[in-house]
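Here is the naming used below: chain letters follow the sequence lines, and residue numbers restart at 1 for every chain. When reading the values below, keep in mind they use all heavy atoms of this one structure, side chains included, and skip hydrogens, waters and symmetry mates.
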Amino acid sequence: MMSDTIKNLFNLEDLSDYKVAEGYSDIRGWDVKDANNRTIGKVDHLLVDKMAKRVVYLDVEVDESIIEDGFDTYQNPVSEGVHEFLNREGENHLIIPIGMSSIDENHKLVTTQQIDSSTFAKAKRFKKGDVIDFGYELNTVRHYRGDNTIHSSNTVEGFYNREEFNNTFHKRDLE
Amino acid sequence: MTEIKIEKKKQGWVWLLAVFFIAAVLIYFLMFRDKDNINTTEAGTEEVYISGTNDTNLLGVKENNSTVAAFVSFIEKDTSKVRFDNAYTKEAFLKLTSATNAMAEEIDYNIQADLEMVKESVKLINNEPFETSLAKNIRNAADISATALQHMQLARYPWLTEEVDELKNASTAIQPEVLTIKQKDAIINYFAVASDLLHKMN
């Protein structure tokens, strides 16, 4: 499942001739907080759409506490039909679609008002450096949105044109 | 705003290459310019007299002084046609003195002190009533003239050491105790060597 690379998705660090553009923040190393204002981890890598020359995912290294929650709740699947999320030891990375995050420049902080602690805890994680495939991306977005009908064919132009990857994402009230 | 764009890095190596290239061009021109200056200076010293210094060699320079030439001609005249006598010796010394003086002026070298002594010696030759003292005076004049020429040689003609040594030897060969009539060859030889030396200097 995690063996193939989507050819257009790259870790910015693997693109030696690219860098974060002038005028944009390089948020690597910044803390990431969930909708419950709980710090879940730090931004470790930026995953980019090379064609569009922009970041589409934040690759987050999560905190131990989230991992513990994940073990506690892994027996409760999100919804019928979705595979159980099973995270092995050492799998402490998550991806977050950039459109589902907000950047607080002043505090060097990333917030995800649309994803709460429980959702993060139950998300399928991967080991640092593992190459993720499109299947993993799709499942992650479905999980964060709580919508298993999301599919690549839902969009006309391309998966990364979805609202989850753009500023046009409408905030949801999770309360 | 949660948008982060990426862009291509500026090609650092291109800038580095450009800097190296410019530096190389600058160095090339600086070296080339220096080389030009060196070449000019080397060519220049061949032709220019540097007065007052002791480390030049004017061997390659042709002064072509006429007074010197006159002395050389006088000495190189066919000796079989010349009557070798005291008059000849006096005239030879006079011409030698003039030639030495002229040469010194050509090369801007001061030998006035030496020349004064030579003139005194030559006066003695002229006024000497006694044959037996004549040789002594001739020897004296010869020595002083040789010394004067040696001073000039050391200053301006470092490669004429052998010729000067020969002149000094020729001068020493003139024995002050022997009558001039009996050492005609030695005296003639002295003037011949002096002529050769001045000819080379001129």
Nearest heavy atoms of A:Ile103 and B:Thr2, plus distance in Å:
N-CG2, 3.5 Å
Measure the spacing between CG of A:Leu46 and CD1 of B:Ile4 and express it to the nearest 0.5 Å.
5.5 Å
Counting only heavy atoms not in B:Ile181 (residues, nucleotides, ligands), do more than 12 fall under 6.0 Å from its CD1?
no
Take atom NZ of A:Lys108 as the centre, draw a 6.0 Å sphere, and report whether it contains more than 12 heavy atoms from other residues, nucleotides or ligands.
no
Other residues, nucleotides and ligands only: do more than 12 of their heavy atoms fall within 6.0 Å of NZ on B:Lys119?
yes
Under 4.5 Å, counting heavy-atom pairs only, tell me which of A:Val55, A:Leu12, A:Val48 racks up the most with chain B.
A:Val55
Hey, is NZ on A:Lys128 packed in by over 12 heavy atoms from elsewhere, all under 6.0 Å?
yes
What parts of residues 16-23 of chain A touch chain B if we use heavy atoms and a cut-off under 4.5 Å?
A:Ser16, A:Asp17, A:Tyr18, A:Lys19, A:Val20, A:Ala21, A:Glu22
